[in-house]
Student: 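There's a structure below that I have some questions on.
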Amino acid sequence: MDILFLIKYGEISLKGENKKIFLNQLRKNIKARLRGMQTTLTIKPGRFYLTAPAEHEAEVRDVLSNTFGIIGFSKALQVKKTIESIEEAALILAEDLLKKGRGNLFKIDVRRTDKSFPMDSYGIACRLGDILCEKFPQLTVNLKNADWRINVEVRDTTYLYADTEIGRGGLPVHCAGKGLLLLSGGIDSPVAGYLMAKRGLFIEAIYFHTPPFTSGDVKEKLKTLTMSLSQYIPYINLLVVPFTKAQLLIKEKAKKDEVTLLSRAAMMSISHAVAEKRKAACLITGESLSQVASQTVESIRFTGSYTTFPVFRPLIGMDKNEIIRIAEQIGTYKTSILPYPDCCTLFAPRYPLIKPDFGKMKKSFDALQLPPLLEEAIENIEDIQLWKEES
Ligand code: ATP
Ligand code: MG
């Protein structure tokens, strides 16, 4: 047996001429997450309708709650456009709600876009109210403080539903193009990627790996984080950059207090080249102003000067607790806090520069003559496509 979901989209409805592009992308994204499942997905004014096999209900709910662009969805009944069929469906829904102990105060909301239907919205609502109270005498209509409500939509056909689950909102991934996320194993960067994907960016993740100083387990951790993000960003992949040679050269040749900033600049420079190669239009980092020495205004100016792409830092104005709350909510926190030696902490100077001088730092970077090593690192990037392994 198939079940039906009615899906509501939010901001897309403001898109005017471009609305169709956004809707088609949303459709593709839902389909991508439900690949392998027998489903139909129809776009109608203001709504999507999805049918799926009943045995996959939990999976479908999970996908709909994690797909950007959806503000809400409801499991619905579709019935013939006759008052008798509508009554019958309303009784089924009410019985189910009563079984779940949802209370005795209720209301009926009717939306009638098909004006040819012989009863008006008020008439349908009154009729259903009467029928339900007759069948279940414990029920009382209460428009202001209802425990539950039944929604009726009379359109090309009729839909009835009770509860609406809240979606994540935002815009469908891909609508805003592609961004390259600098994903470290920490708490912040997965949250940054999530927030930018919510604004419609498709994301590829890039991780700078420094074995043997960071163990192979770190790579597994990064894979797990990427998999967590793939709930929201279908087909996200992970690029692993062998960064040890560059990191060692910086450690060996640079002034101690400049090491972190120079490594960050090298990462930015590689990320720029990779973004160009892979046709991404922006970079994303998990930086938050003043969180650590490398995230002061002066430090960010220096590291950010190694790319001409816009660098999005959606966490810049958030404090750690806010970021942690989102990380918990999106399911990355538990993985992020797994202990592992981070190259940035391993190579970090005891007293890093907090207010670096821009000109001096540029000279220090040039003196290292890093480009050949950076090019070598780019050539040896490992492209991990976890979704392929999954399917
Ligand atoms: P997080 O580790 O969650 O990113 P953090 O507070 O540890 O947060 P930093 O280590 O200062 O942040 O790094 C700042 C940003 O630089 C990160 O959010 C990430 O975008 C990027 N970054 C740092 N290290 C790496 C790495 N090894 N690979 C990829 N990106 C990195
Ligand atoms: Mg980190």
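Both counts, for ligands and for their atoms, begin at 1 and track the order of listing.
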Student: Cation-pi check, Arg301 to Phe358: give yes when NZ or CZ is under 6.0 Å from the six-membered ring centre and within 45° of the ring axis, no otherwise.
Tutor: yes

Student: Between Asp188 and ligand 1, is there a nitrogen or oxygen pair with a distance under 3.5 Å?
Tutor: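 Between Asp188 and ligand 1 (N or O atoms, distance only) the closest approach is under 3.5 Å.
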
Student: Relative to the heavy atoms of Gln291, which atoms of ligand 1 are at a distance of less than 4.0 Å?
Tutor: 5 (P), 6 (O)

Student: One thing to verify: whether Arg278 and Asp383 come together as a salt bridge, which I'm taking to mean a side-chain N less than 4.0 angstrom from a carboxylate O.
Tutor: yes

Student: Relative to the heavy atoms of Leu183, which atoms of ligand 1 are at a distance of less than 4.0 Å?
Tutor: 28 (N), 29 (C), 30 (N)

Student: Thr285 versus ligand 1: do any nitrogen or oxygen atoms come within less than 3.5 Å of each other?
Tutor: no

Student: Pull out every atom of ligand 1 sitting under 4.0 Å from any heavy atom of Val292, numbered as shown with elements.
Tutor: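 Per the distance check, 11 (O).
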
Student: Would you say Pro190 and ligand 1 have an N/O pair spaced under 3.5 Å apart?
Tutor: no

Student: Taking the minimum heavy-atom distance to atom 9 (P) of ligand 1, which of Gln247, Lys320, Gln295, His209 ranks first?
Tutor: Gln295

Student: Before accepting this row, confirm whether a basic side-chain N of the pair Lys223/Glu220 lies closer than 4.0 Å to the acidic partner's carboxylate O.
Tutor: yes

Student: Within a distance under 4.0 Å of any heavy atom of Ile187, pick out the atoms of ligand 1 and give their elements.
Tutor: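 Listed by number with element, the hits are 3 (O).
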
Student: Do Glu382 and Lys219 meet the salt-bridge criterion of a basic N to acidic O distance under 4.0 Å?
Tutor: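 Salt bridge present between Lys219 and Glu382.
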
Student: Looking at Arg199 and Glu11, is there a salt bridge between them, counting it only when a charged N and a carboxylate O are closer than 4.0 Å?
Tutor: yes

Student: Within ligand 1, which atoms have a heavy atom of Gly286 less than 4.0 Å away?
Tutor: 17 (C), 18 (O), 20 (O)

Student: Short N/O distance, under 3.5 Å, between Met267 and ligand 1?
Tutor: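 In fact, backbone or side chain, Met267 has no N or O that close.
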
Student: Salt-bridged, Glu258 to Lys360, with N to O below 4.0 Å?
Tutor: no

Student: Can you tell me if Ile206 has a non-hydrogen atom under 4.0 Å from ligand 1?
Tutor: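 Yes; Ile206 lies near enough to ligand 1 that a heavy-atom distance drops under 4.0 Å.
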
Student: Is it true that Arg102 and Asp96 make a salt bridge, defined as a side-chain N closer than 4.0 Å to a carboxylate O?
Tutor: no

Student: Pick from Lys8, Arg47, Lys44: which one makes a salt bridge (charged side-chain N to carboxylate O under 4.0 Å, His left out) with Glu153?
Tutor: Arg47

Student: So, 4.0 Å and heavy atoms of Arg264: is ligand 1 close enough to count as a contact?
Tutor: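 Yes; Arg264 lies near enough to ligand 1 that a heavy-atom distance drops under 4.0 Å.
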
Student: Using a strict cut-off of 4.0 Å, indicate which atoms of ligand 1 neighbour a heavy atom of Phe208.
Tutor: 26 (C), 27 (N), 28 (N), 29 (C)

Student: Salt bridge between Lys81 and Asp114, side-chain N to carboxylate O under 4.0 Å?
Tutor: yes

